[in-house]
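Quick notes on the structure that follows.
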Amino acid sequence: MSRVIYLDNAETTKIDPEVLKVVDKYSSEVYGLPSATEYGEALGMQIRKDIEQAKETIAKAINAEPEEIVFTSDEVENDNLAVKGVCFANPKKMHIITSKIERKSLLDIFRSLEAIGCFKTTYLDVDKEGFVSPEDVEKAITDKTVLVALHHVNHEIGTIQDIERIGETCKRRNVIFYVDATQSFLKVPVNVKKMGIDILSISADKIHGPKGVAALCVRNGLKLQRLFEGGESKDIVRPGYTNTPGVMGFAKAVKIYNKKANERMKKMRDYLIDELLKINDTHLNGPDGDKRVCNNVNITFKYVEGEALLLYLSLKGIVATTGSACFSSTLKPSHVIMALGSRHEDAHGSLRLTLSKFNTGNEMKETVKSIREVVGRLREISPLG
Amino acid sequence: MYSKKVIKYFMHPKNVGEIKNPDAKATEGSLACGDMITIYLKIDSKTHVITDIKFKSYGCAANIATTSVMTEMVKGKTIQEAKKLEFKDITKALGGLPPMKIHCSILAIDGLKTAIRNYEERHGLAKPEDLNESILRSRLRKVIDPKVGKDIVTAGIVQNVTIKNGAVRLLLKLPEDHEFRDNILEEIDERIGHIPGVKKLNIEFIKQ
């Protein structure tokens with residue numbers, strides 16, 4: 001493949017070469033499995049120790065205890081295990097609170113629970129910048145509420161929620177609090193104890209780790225109903241073989257993550273926002289400044305349709321995404337941008353650019369140039385405006 | 001994925017632009033769907049040959065490519081020949097379209113047919129339809145309120161439609177400060193003002 005400017009890092013990231021070395025080592029040298037080796041052979045003994053070490057590394061990054069870390073396959077599994085695990089373990093309480101702008105895969109879980117017939121979900125509105133109001137959470141809680149499930153950072157527009165205040169409310173009202181931190185982990189401080197988080201979801205592939213490995217942090221003492229069987233101990237929340245190369249790669253990615261990269265991304269983010277808003281009839285979706293995650297840009301170009309925009313950019317080697325209906329498999333506009341009180345065409349004309357530590361200033365310049373060009377061309381064709 | 005031909009037409013569309021004083025014009029699609037085209041026609045009044053056709057598009061790559069290839073296919077044809085064009089002819093000419101994008105070729109055909117019908121109605125070429133309320137309503141369903149992204153019948157703007165001796169009376173719930181009031185009224189006139197048999201169009205408004 002020829003040169004690519006990859007600006008879809010909220011979707012997934014490129015693996016770091018250092019992480020890849022670890023994945024290779026635990027695939028070809030230390031390839032034993034921890035579960036086989038209670039008293040066993042050398043490979044197994046080593047891997048048991050290493051996995052404990054990996055849990056410690058990850059737990060430390062979120063101020064949790066190592067034994068609270070449960071390895072899984074990805075954020076979709078995390079959502080299922082957290083939400084269904086809580087609901088099925090607390091069958092007397094049937095009410096869940098979430099927001100309208102969560103990831104679609106999470107919202108789908110609530111819909112499927114509602115379809116069973118006994119669960120009810122409250123979908124909280126957000127304001128124009130995508131903030132959930134902590135007061136709204138408080139008001140929505142009833143004596144039937146078992147779970148509040150929210151993301152820390154929105155995947156499309158980068159809004160950072162006030163998790164600490166909501167966590168305090170959940171604690172006071174005795175409701176379990178699940179936080180999807182896949183977009184915020186290591187970019188925004190996450191502290192499960194201070195923020196009152198009961199279950200936290202993080203994923204390796206968003207931080208230059210390997211794909212197919214993620215983790216839930218489940219507060220000590222909290223009971224989750226497991227979703228599949230297998231394995232001897234009933235205490236194991238997630239039975240199954242451990243993805244050892246993935247887990248070790250995940251821990252390595254956490255270990256080498258350099259917070260200075262966040263500052264660099266923030267500069268590139270603000271450069272993109274400033275330059276792109278100089279184009280007429282544009283607006284930023286989501287907040288600006290410190291309440292926006294450091295790597296997210298989401299801008300609407302009026303009178304232009306996002307799929308055409310993306311195709312043109314991809315012919316120039318730039319990878320991004322859009323909230324346009326024409327780009328989605330359901331032909332529906334982004335539910336996130338619509339929930340901000342926007343019009344359909346605000347979603348159709350939206351472009352999301354998400355950065356990583358591998359992006360460069362030159363790439364940003366080139367991106368701005370290409371976007372200017374394509375927006376100009378498409379507007380010439382457009383009957384609007 | 002798109003065929004090479006779709007990409008080619010997307011990158012280098014033919015017949016893009018406007019025609020000043022067109023003999024017919026039509027806009028199809030809506031902002032809500034993110035798919036909208038405007039077709040302009042120049043038609044020879046004696047031979048009824050389409051001498052020029054141009055388009056503008058707000059839409060995805062397939063929208064631009066299908067409309068562009070359609071304009072090439074009908075330019076130089078009579079309106080009777082052009083009316084025979086089907087969406088399958090367009091998808092074929094483009095070397096196929098992803099299933100999700102077939103509707104773009106249908107929109108291109110709709111735009112062409114509506115523009116031709118507008119021409120025919122204005123030039124007394126259309127067979128007068130038995131004018132009734134449901135025909136009027138179906139035409140009004142093509143007028144979109146961009147504010148909510150719904151057609152004006154579904155959006156509740158059209159409160160009542162009556163017809164008596166060729167005089168159409170519309171009762172609309174459309175506030176004076178509605179952002180798109182003028183666009184909507186213009187579209188209504190475009191859609192039903194010229195149907196053969198419509199002698200008069202009276203628009204009244206519900207006082208808010």
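Since we're looking at a predicted model, the values are computed, not measured. Below, each value reflects all heavy atoms present in this structure, side chains not excepted, and no hydrogens, waters or symmetry copies. Per chain, numbering begins at 1; letters A, B, ... match sequence-line order.
- Rounded to the nearest 0.5 Å, atoms CD1 (Ile381(A)) and CZ (Phe55(B)) are 6.0 Å apart.
- Applying side chain to side chain contact (heavy atoms under 4.5 Å, CB included) to Pro383(A) and the options Thr27(B), Thr38(B), Ile39(B) leaves one that passes, Thr38(B).
- Within 6.0 Å of NZ in Lys302(A) there are 12 or fewer heavy atoms belonging to other residues, nucleotides or ligands.
- The shortest non-hydrogen separation linking Gly59(B) to Ala308(A) is O-CB, 3.5 Å.
- Note that CZ of Arg377(A) and CZ of Phe10(B) are 7.5 Å apart. Values are rounded to the nearest 0.5 Å.
- Other residues, nucleotides and ligands contribute only 12 or fewer heavy atoms inside 6.0 Å of the NZ atom of Lys8(B).
- For Leu310(A), no part lies under 4.5 angstrom from a heavy atom of chain B.
- For the residue pair Glu307(A) and Cys60(B), the shortest heavy atom distance occurs at OE1-CB, 3.0 Å.
- Few gaps surround NZ on Lys75(B); more than 12 heavy atoms of other groups in view lie less than 6.0 Å from it.
- Interatomic distance, CD of Glu305(A) versus CG of Asp35(B), reported as 7.0 Å (0.5 Å rounding).
- For a residue to count as touching a neighbouring chain, one of its non-hydrogen atoms must lie under 4.5 Å from one of that chain's; by this rule Asn63(B) does not touch chain A.
- Atoms CG and OH, from Leu311(A) and Tyr2(B) in turn, are 7.0 Å apart once rounded to the nearest 0.5 Å.
- By the neighbour-count criterion of 12 heavy atoms within 6.0 Å, atom CD of Glu186(B) is sparsely surrounded, having that number or fewer from other residues, nucleotides or ligands.
- Crowding of Lys113(B) atom NZ: a count of heavy atoms from other residues, nucleotides or ligands under 6.0 Å exceeding 12.
- The CE atom of Met36(B) sits 5.0 Å away from the CG atom of Leu384(A) when rounded to the nearest 0.5 Å.
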